[in-house]
Number of protein chains: 4
Amino acid sequence: MKTKDRIVTAALLLFNEQGESNVTTNHIAAHLGISPGNLYYHFRNKNDIIHRIFLQYSDHLRKSFTPTTGAANASPAVWFHYLDAIFYVMWEFRFFYANLNDILHRDQELHLQYLAVQQELTVNLQALLREMTSQKVLAIPDEEIEPLTEVLRMLVSFWISYQSAQSLTPHISQAVLYQGVARVLLLLKPYFHPDKGLELATLMAHYQVLGSVPGDPFHK
Amino acid sequence: MKTKDRIVTAALLLFNEQGESNVTTNHIAAHLGISPGNLYYHFRNKNDIIHRIFLQYSDHLRKSFTPTTGAANASPAVWFHYLDAIFYVMWEFRFFYANLNDILHRDQELHLQYLAVQQELTVNLQALLREMTSQKVLAIPDEEIEPLTEVLRMLVSFWISYQSAQSLTPHISQAVLYQGVARVLLLLKPYFHPDKGLELATLMAHYQVLGSVPGDPFHK
Amino acid sequence: MKTKDRIVTAALLLFNEQGESNVTTNHIAAHLGISPGNLYYHFRNKNDIIHRIFLQYSDHLRKSFTPTTGAANASPAVWFHYLDAIFYVMWEFRFFYANLNDILHRDQELHLQYLAVQQELTVNLQALLREMTSQKVLAIPDEEIEPLTEVLRMLVSFWISYQSAQSLTPHISQAVLYQGVARVLLLLKPYFHPDKGLELATLMAHYQVLGSVPGDPFHK
Amino acid sequence: MKTKDRIVTAALLLFNEQGESNVTTNHIAAHLGISPGNLYYHFRNKNDIIHRIFLQYSDHLRKSFTPTTGAANASPAVWFHYLDAIFYVMWEFRFFYANLNDILHRDQELHLQYLAVQQELTVNLQALLREMTSQKVLAIPDEEIEPLTEVLRMLVSFWISYQSAQSLTPHISQAVLYQGVARVLLLLKPYFHPDKGLELATLMAHYQVLGSVPGDPFHK
DNA sequence: CATGAATGAGTCTTCATTCAT
DNA sequence: GATGAATGAAGACTCATTCAT
């Protein structure tokens, strides 16, 4: 692996473990056993590293949330796909969610890119909900689509922050993130078509189980 | 007003205006025209000031969310009271919501107090929802009370952070907070008893108007 | 002596001895046995210190070059005064002359102040030459007053740089500065009225002697 | 053109444009599209490049200021030649004049070469003035030849620095350099033989025109 | 109560230079 | 000849906190 990639990987690891603000460029360099100068050879500054990580993040988002049309959206398999994708991004880039505002307000360029990605997501999510409504999976009044997508985005974006505030340690476990995924379903539950009760129950059960792993295997 | 109180007031003002992390103890002292030493005579450290602010915060919360029992909970006046109280606390202590995790994870004692208050709130909120359900205002299945309160708490706790992330400036307007209050209603809407449609519509209209002040009078 | 003044004095000393660019804020602090933080308590940054020194510099200039009118300007005593003042400022702030452009182009505010002082000086110097011309001491054609003042200003401003370039060590001695003063007289010599030959010769002899001290007593 | 020469050419260009201290070895390499390692293959270090530029500089000087003997020195054509040569060297190596002391005191070997060239120049210049005096073009008392050559050298060596200090931008235009050439004539004017008034006036007019180009064509 | 000077560890960043390939 | 990754010492500056008066 190239040094440049090793830096990104190490930064992501340390950011996720210790919080972005507690990880200095010197920490990252020391962690890799390279000199600070070398790190600055590959990246102009710390924000530049975060930029690179953000690219990975938005790539994942774009790949995972390309909307499908038609009957596919009536299949639980597709629903699993989306919910798993939510979980994956939340976990892999949890430092980003945990320090969203610090990071965005320090770097306007990144903030603009973030807003662009959010805008795409909003459009896709609304299309998805409308499609599911027309597939008779959901029954969401048209005027509620918009506020609902907003609440859903907010839930996903700040679930980690919320959970971090609920716990004395800033670390979050995968289980806690699965609980967040389950909450997404909870918010949609009132709108689910009665016919789909069984499928919905299966989905919810799935993520509730994942969300209740007693001993978190990832952090002691 | 005593110096000690003036410090708390000034700190709250500056924190809300500029963000807690951007306000140093020297800023606060300079703002009041006192010496940093004097500030440290009254408070052991910066966290100690935040502690005092937090006391005001939790006092407000406790006063405002004491649950009522019986028919009172069927009255829109009471609902207004709660929603206005939510708004008030969000606005008055917005710096706290904007930097929740930074503040909590730096100071375990404060964090414990925060969790205690949240626990009280959770109990009260659940009682309120149950009471409203028994008053035939809402119809929330018992097993959904718990997750719903959690989502509501989360919505209120991170609405400011969410909105800050959506905007290029970290400043928050009152209008934006009223939109958050309106979202609380939105989440409850599916559970409202059909009979209460009119009252609900009035409530929602009220906060939507407040949330859509075109020119924000607080920040240009 | 207050710490703030001690910092200015130490900075001036070290700047003059080692060159402004070779003296860091940490050097200054270490030289005084104070912490870097303390230095930054008294001054916002390194330029701020230079600013303060520049104030002393321009104060001296303004005090020393207030022009006199009338017969006084025909007296050798007054000429000595001006030439000694030139020497004093060159010596006391030699670091400034030695690094003029680096310092000015790094700090626009200082640069503007510098230009303002230079403008004053130009006006005063031109008035002086005209006065001496009308007192029959000099005979400078009116159209040459302007370019001549410019050359004189330039000579004084860059004499130190010039001499530094001529020597393998960057240090300059007082003798070398006196040679600069003598050069000022040299440039004016062609314009001196024949009647004043004796006075001029005395003046020149005075500064030539000072400029030829064999062993420089100030630097080994 | 060989890489080694391309490096020298690029370095000179960038130094003149941006100032020697603002141009890193990496800048030069990047400007040429070569690697820093390659640059260091051809030159031991940054000073080594400056060394090479200095060779060009001194070659020009030596070629241009070889003194002529006899009647040739009474011809305005020769005077033009010398003054144009002064201009050419000032313009082509302006970075060197702008940072003379930084460059010399960093590199003793270069400094020694510089002093040697200056010594040659001094000898040649004095010979020239003496020759012109014996050709009845100038009338300089023998004891003033020496100090006058020194002032002239100083004027030429620091005219750029002086002008840079007078302007808020560090950039220098050709017009400004022509003004410097005109100042050389100004300093000699008092010594010019009355018979040569016409020729002198022509010369001065020539360089004054060049020195007063309104819109500087080289920098916007 | 109050002053304000002082501390010092820590942060990001730069750049001439080296070296294995 | 050339690449480009790597080094490391150094610099300016910040800020919560302490302490003598």
Side-chain angles (χ1 to χ4, degrees), chain A residues 2-4 6-7 21-30 32-49 106, chain B residues 2-4 6-7 20-30 32-50 106, chain C residues 2-4 6-7 21-30 32-49 106, chain D residues 2-4 6-7 20-30 32-50 106:
Chain A
K2 295 285 177 79
T3 298
K4 187 157 192 170
R6 290 178 61 223
I7 292 171
S21 63
N22 302 315
V23 176
T24 73
T25 50
N26 283 351
H27 287 357
I28 300 170
L32 289 171
I34 66 174
S35 67
N38 193 9
L39 185 146
Y40 277 85
Y41 171 78
H42 291 286
F43 294 93
R44 272 207 324 266
N45 51 40
K46 196 180 170 186
N47 269 347
D48 198 17
I49 301 176
R106 184 199 310 149
Chain B
K2 295 285 177 80
T3 298
K4 189 156 190 170
R6 291 177 61 224
I7 292 171
E20 183 266 340
S21 64
N22 301 316
V23 176
T24 70
T25 49
N26 282 349
H27 282 20
I28 300 170
L32 290 170
I34 67 171
S35 68
N38 193 7
L39 185 146
Y40 275 85
Y41 173 82
H42 291 287
F43 293 94
R44 256 179 333 166
N45 52 38
K46 196 179 173 185
N47 272 343
D48 199 14
I49 302 175
I50 296 175
R106 190 198 304 151
Chain C
K2 296 285 178 79
T3 298
K4 188 157 190 170
R6 290 177 60 222
I7 292 171
S21 63
N22 301 315
V23 176
T24 73
T25 50
N26 283 349
H27 287 357
I28 301 171
L32 289 170
I34 66 173
S35 67
N38 193 7
L39 186 145
Y40 277 86
Y41 170 77
H42 291 285
F43 294 93
R44 271 207 326 268
N45 52 39
K46 195 181 170 185
N47 270 345
D48 200 14
I49 302 176
R106 186 200 307 147
Chain D
K2 296 287 177 74
T3 297
K4 188 157 191 171
R6 291 177 60 224
I7 292 171
E20 184 267 338
S21 64
N22 301 315
V23 175
T24 71
T25 49
N26 282 350
H27 282 21
I28 300 170
L32 290 170
I34 67 171
S35 67
N38 194 5
L39 185 146
Y40 275 84
Y41 172 81
H42 292 286
F43 294 93
R44 257 180 332 167
N45 52 39
K46 198 182 175 184
N47 273 342
D48 199 14
I49 303 175
I50 295 175
R106 189 198 304 149

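Residue numbers begin at 1 in each chain, while the letters A, B, ... track the order of the sequences.
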Any A:His27 side-chain nitrogen or oxygen under 4.0 Å from OP1 or OP2 of E:dG10: no
Distance in angstrom units between A:Tyr40 OH and F:dA5 P, rounded: 18 Å
Of C:Arg6 and A:Val23, the one whose closest DNA chain E nucleotide lies more 5': C:Arg6
Rounded interatomic separation in angstrom, taking NZ from A:Lys2 and C1' from F:dG4: 11 Å
Spacing of A:Ile49 atom CD1 and A:His42 atom NE2 [to the nearest 0.5 Å]: 10.5 Å
d(CG, B:Asn22; P, F:dC15) in whole Å: 9 Å
Distance, rounded to the nearest Å, where D:Tyr41 contributes OH and F:dA5 contributes P: 21 Å
Spatial distance of atom OG1 (A:Thr24) from atom CG (A:Asn26) [nearest 0.5 Å]: 4.5 Å
Sugar-phosphate only, base, or nothing, as touched by C:Thr24 at under 4.0 Å among non-hydrogen atoms: sugar-phosphate
Distance below 4.0 Å between B:Asn38 side-chain N/O and E:dT3 OP1 or OP2: yes
Separation between the C1' atoms of F:dT21 and E:dC1, rounded to whole Å: 13 Å
Whole-Å gap separating C1' (E:dT13) and CD1 (A:Ile7): 15 Å
Distance test, side-chain N/O of B:Thr25 to OP1/OP2 of F:dA16, below 4.0 Å: yes
Most 5' of D:Leu39 and A:Thr3 on DNA chain F, judged by nearest nucleotide: D:Leu39
Presence of A:His42 side-chain N/O under 4.0 Å of F:dG4 phosphate oxygens OP1/OP2: no
Phosphate contact (E:dT7 OP1 or OP2) by C:Ser35 side-chain N/O below 4.0 Å: yes
Sugar-phosphate only, base, or nothing, as touched by A:Asn26 at under 4.0 Å among non-hydrogen atoms: base
Opposite nucleotide pairing with F:dC13, Watson-Crick or G-U, both atom distances under 3.5 Å: E:dG10
Integer-rounded Å distance: F:dA2 C1' and D:Lys4 NZ: 15 Å
Whether over 12 other heavy atoms sit under 6.0 Å from B:Arg106 CZ: yes
Pair assignment for F:dT7, Watson-Crick or G-U wobble, requiring both distances under 3.5 Å: E:dA16
Atom-to-atom span, CZ of A:Phe43 to C1' of E:dT13 - whole angstrom: 16 Å
